Amino acid sequence: MTESHNNASLNVEQEAAQPVSERGSNRSRQPSNKAFRDFIASGWGPRPAQLPEPADAAPWAAARRAALGSLFPTERLVIPAGPLVTRNNDCDYRFRPHSAFAHLTGTGTDFEPDAVLVLEPLTVPGQENTGGEPTHEAVLYFRPRASRSSEEFYADARYGELWVGVRPSIEEVEALTGIRCAHIDTLADRLAKDAGPGAVGLRVVAQADAAVTALVDQVRQSAGLAHGQGAQEVDDALAEATSELRLVKDDWEVDQLQRAVDATASGFEELIRSIPRATGHWRGERVLEGAFGARAREEGNGLGYDTIAAAGDHANTLHWIANDGQVRPGKLVLVDAGVEVDSLYTADVTRTIPVDGRFTAPQRRVYQAVLDAADAAFARANEPGCLFRDVHAAAMEVIAARLEEWGLLPEGVSAADSLGPEGQYHRRWMVHGTSHHLGLDVHDCAQARREMSMDAPLRPGMVFTIEPGLYFRADDLLVPAELRGIGVRIEDDVVVRPDGRVEYLTAAIPRTVEEVEAWVCGLIA
């Protein structure tokens, strides 16, 4: 046996001995000798000495933390930002922090993978808090940038400065957020401090970061607290509270949502300008999607959700995001899209657009019915004492009436019959709800209790959508032939003002038949 054969066998044995989990970095052949480490750490200019100004959101976020803390005055509350998520192999998705974390810290964009906000109780059970005093101190744990002499600086593809850019220092984040900060490596010890029955309890937003949740649960188990399935009710209550805290937006949040809507209006204009190119492309829907997405990245953090650019019969698939169809003159294209701005607040707007700028008579008939439903819902929202669910009911009254006029309801069934609990036949052509809360999530406040959201009266600061539709699939034999393949949705974002009036945030985006036709013709002429 030759020496080269022996060496080859040795190499195979060495490779086999390396765990699979460690092989992904084999492609990165970085030097590790001391001379190189000393050289790469040398010759860099000083870090900027000036600390950032406090973020505009900082005082608003502090008020939100105080409101949350008051619900759990003697408990340690753990709100993770979440980890990076692998897209494929060693490529991660662009990071977006958990919405509860962003809401309570006032940070946006991609701050900061693996960070954890902890609200530390200032009193423990048995100690008196006379009321009106702060219940918690906020501490933000994260991984600050490493020194240039560290291996992380040049060798860590996930956190290293030469790989992902300059990351903030503890002092910089404290100045930006107004929150005391600490290194993430100290989190475990801090979570365990004073934890136990009759002392400090722990709650965690369990869905945000599996590793942090496991750490909290380990601490709870060691401290003799309820853990595992036994702690689900405890953690669910925290998730519920962080969600319900967002039901009413403060002034800063409403301003961010208006900015998101304004950027979305710009994205729609860019999309309409791309219609001529889309009609000549074999996947024209993606031309439209791409035009909106480019503007979303230019003016904001990106998309609030995957864009729906559904031409023709694709509009009748409610969550059509494949966007691989053709865009043809004479057809409609339903576009449901929203820009997420850097603060992570998103718009959610739908417009149904005639590809060549003019509605046909059947298209106009369906569009006007949906518009009438949307207007009725808006009018109901402005009535004193309106409940959130009443907005949907108002839209459904119009939808059912139009379907009765067109002879689409079953024989002998009136609109009033259909609206009853044993009817609902009109819902065949609109299976979704008319409204949802809007904010950091496109379907915001999703963990809120029904009595606090759907069954609650509208309150100043609530921001929500109004989005009725009618969807007549091409293969629906209960629909007249001239209506088959037509899908229409009109979606606006509205806010309840301090005096109780409901106003459109999307007022500047055309919505009537005449406005939409002029809008499209003016941009593609």
Side-chain angles (χ1 to χ4, degrees), residues 54-69 71-72 75-85 92-120 136-144 159 167-168 170 172-174 176-184 186-187 190-191 202-216 235-247 249-250 252-253 256 301-302 304 340-346 439-448:
D56 292 341
W60 301 96
R64 298 167 203 155
R65 294 192 297 272
L68 180 66
L71 301 176
F72 309 98
E75 297 184 72
R76 182 170 291 134
L77 308 180
V78 183
I79 303 99
L84 288 161
V85 177
D92 295 322
Y93 285 103
R94 189 182 299 276
F95 179 70
R96 185 196 188 279
H98 191 277
S99 293
F101 176 91
H103 188 238
L104 293 164
T105 60
T107 57
T109 57
D110 56 355
F111 183 96
E112 201 18 79
D114 305 319
V116 181
L117 173 69
V118 177
L119 301 188
E120 287 285 350
H136 291 76
E137 180 195 17
V139 185
L140 182 54
Y141 295 85
F142 74 104
R143 184 181 299 278
Y159 300 107
R167 295 174 54 250
I170 283 180
E172 288 167 346
V173 174
E174 288 181 337
L176 184 71
T177 64
I179 303 172
R180 182 166 71 85
C181 295
H183 198 292
I184 191 67
T186 66
L187 175 64
R190 187 62 203 182
L191 292 181
L202 278 85
R203 297 178 188 257
V204 61
V205 176
Q207 297 78 23
D209 188 323
V212 174
T213 298
L215 173 61
V216 169
D235 292 340
D236 285 352
L238 178 59
E240 176 185 278
T242 61
S243 193
E244 292 180 356
L245 189 63
R246 305 206 304 269
L247 283 168
K249 271 63 179 178
D250 56 43
W252 184 86
E253 292 178 283
Q256 293 301 305
N301 185 51
E340 179 183 85
V341 290
D342 289 342
S343 60
L344 303 181
Y345 288 81
T346 184
L440 283 163
D441 294 336
V442 66
H443 298 144
D444 209 26
C445 315
Q447 285 75 47

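On a predicted model such as this, the values are computed, not experimentally measured, just so you know.
- The heavy-atom pair separating Pro168 from Glu172 by the smallest distance is CA-OE1, 3.3 Å.
- The side-chain heavy atoms of Val205 and His98, taken from C-beta on, include a pair separated by under 4.5 Å.
- Across all non-hydrogen atoms, the minimal contact from Phe101 to Thr107 is CE2-OG1, 3.7 Å.
- Rounded to the nearest 0.5 angstrom, Leu84 CG and Phe95 CZ are separated by 6.5 Å.
- Gln447 is not listed as a side-chain neighbour of Glu244, based on a closest heavy-atom distance of 4.5 Å or more.
- Leu440 is not listed as a side-chain neighbour of Thr346, based on a closest heavy-atom distance of 4.5 Å or more.
- Side-chain atoms of Ser343 and Trp252, non-hydrogen and from C-beta on, do get closer than 4.5 Å to each other.
- Atom OG1 of Thr105 and atom NE2 of His103 lie 10.0 Å apart (nearest 0.5 Å).
- Taking all atoms of both residues into account, the shortest heavy-atom contact from Pro97 to Ala102 is CG-CB, 4.5 Å.
- Evaluation of the salt bridge (charged side-chain N to carboxylate O under 4.0 Å, His left out) rule for Arg94 yields no partner, not counting sequence neighbours.
- Ion pairing between a basic and an acidic side chain is recognised when a charged N comes within 4.0 Å of a carboxylate O; Asp444 and Arg246 show such pairing.
- Pairs of residues two or more places apart, or lying in two chains, that qualify as salt bridge (Lys or Arg N to Asp or Glu O under 4.0 Å) and include a residue from residues 57-67 are Arg64-Asp250.
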Would you be so kind as to tabulate the donor-acceptor pairs closer than 3.5 Å made by side chains of residues 109-117, with sequence neighbours excluded?
unit_1: Glu112; atom_1: OE2; unit_2: Arg167; atom_2: NE; d: 3.4
unit_1: Glu112; atom_1: OE2; unit_2: Arg167; atom_2: NH2; d: 3.2
unit_1: Asp114; atom_1: OD2; unit_2: Tyr159; atom_2: OH; d: 2.1

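- Residues Val341 and Asn301 have side chains not in contact (no heavy-atom distance under 4.5 Å, counting atoms from C-beta outward).
- Side-chain contact between Arg96 and Leu344 is present, with at least one heavy-atom pair separated by less than 4.5 Å.
- Nearest heavy-atom pair across Leu68 and Ala241 is CD1-CB, 3.8 Å.
- In this structure a side-chain-to-backbone donor-acceptor pair under 3.5 Å is present from His136 to Glu75.
- Rounding to the nearest 0.5 angstrom, the gap separating the OG1 atom in Thr177 from the CG atom in Leu104 is 12.5 Å.
- Side-chain contact between Tyr141 and Leu187: present, with at least one pair of heavy atoms (C-beta onward) separated by less than 4.5 Å.
- Minimum interatomic distance between Ala208 and Pro80 (heavy atoms only, all atoms of both residues): CB-O, 3.6 Å.
- Side-chain atoms of Tyr345 and Glu253 form a donor-acceptor pair, as typed in the model, at a separation below 3.5 Å.
- One finds the CG atom of Leu176 at 9.0 Å from the SG atom of Cys181 (value rounded to the nearest 0.5 Å).
- Shown here for Ala61 and Gly106, the closest heavy-atom pair between the two residues is CB-N, 3.6 Å.
- The existence of a salt bridge linking Glu174 and Arg180 is excluded, since no basic side-chain nitrogen approaches an acidic carboxylate oxygen closer than 4.0 Å.
- Distance alone, capped at 3.5 Å, is enough to place a donor-acceptor pair between the Thr242 side chain and the Ala239 backbone.
- Going from atom CD of Glu137 over to atom CD1 of Ile179 covers 10.5 Å, rounded to the nearest 0.5 Å.
- Interatomic distance, Leu119 CG to Arg203 CZ, rounded to the nearest 0.5 Å: 12.5 Å.
- Taking the side chain as every heavy atom from C-beta outward, Val216 and Leu191 approach each other to under 4.5 Å.
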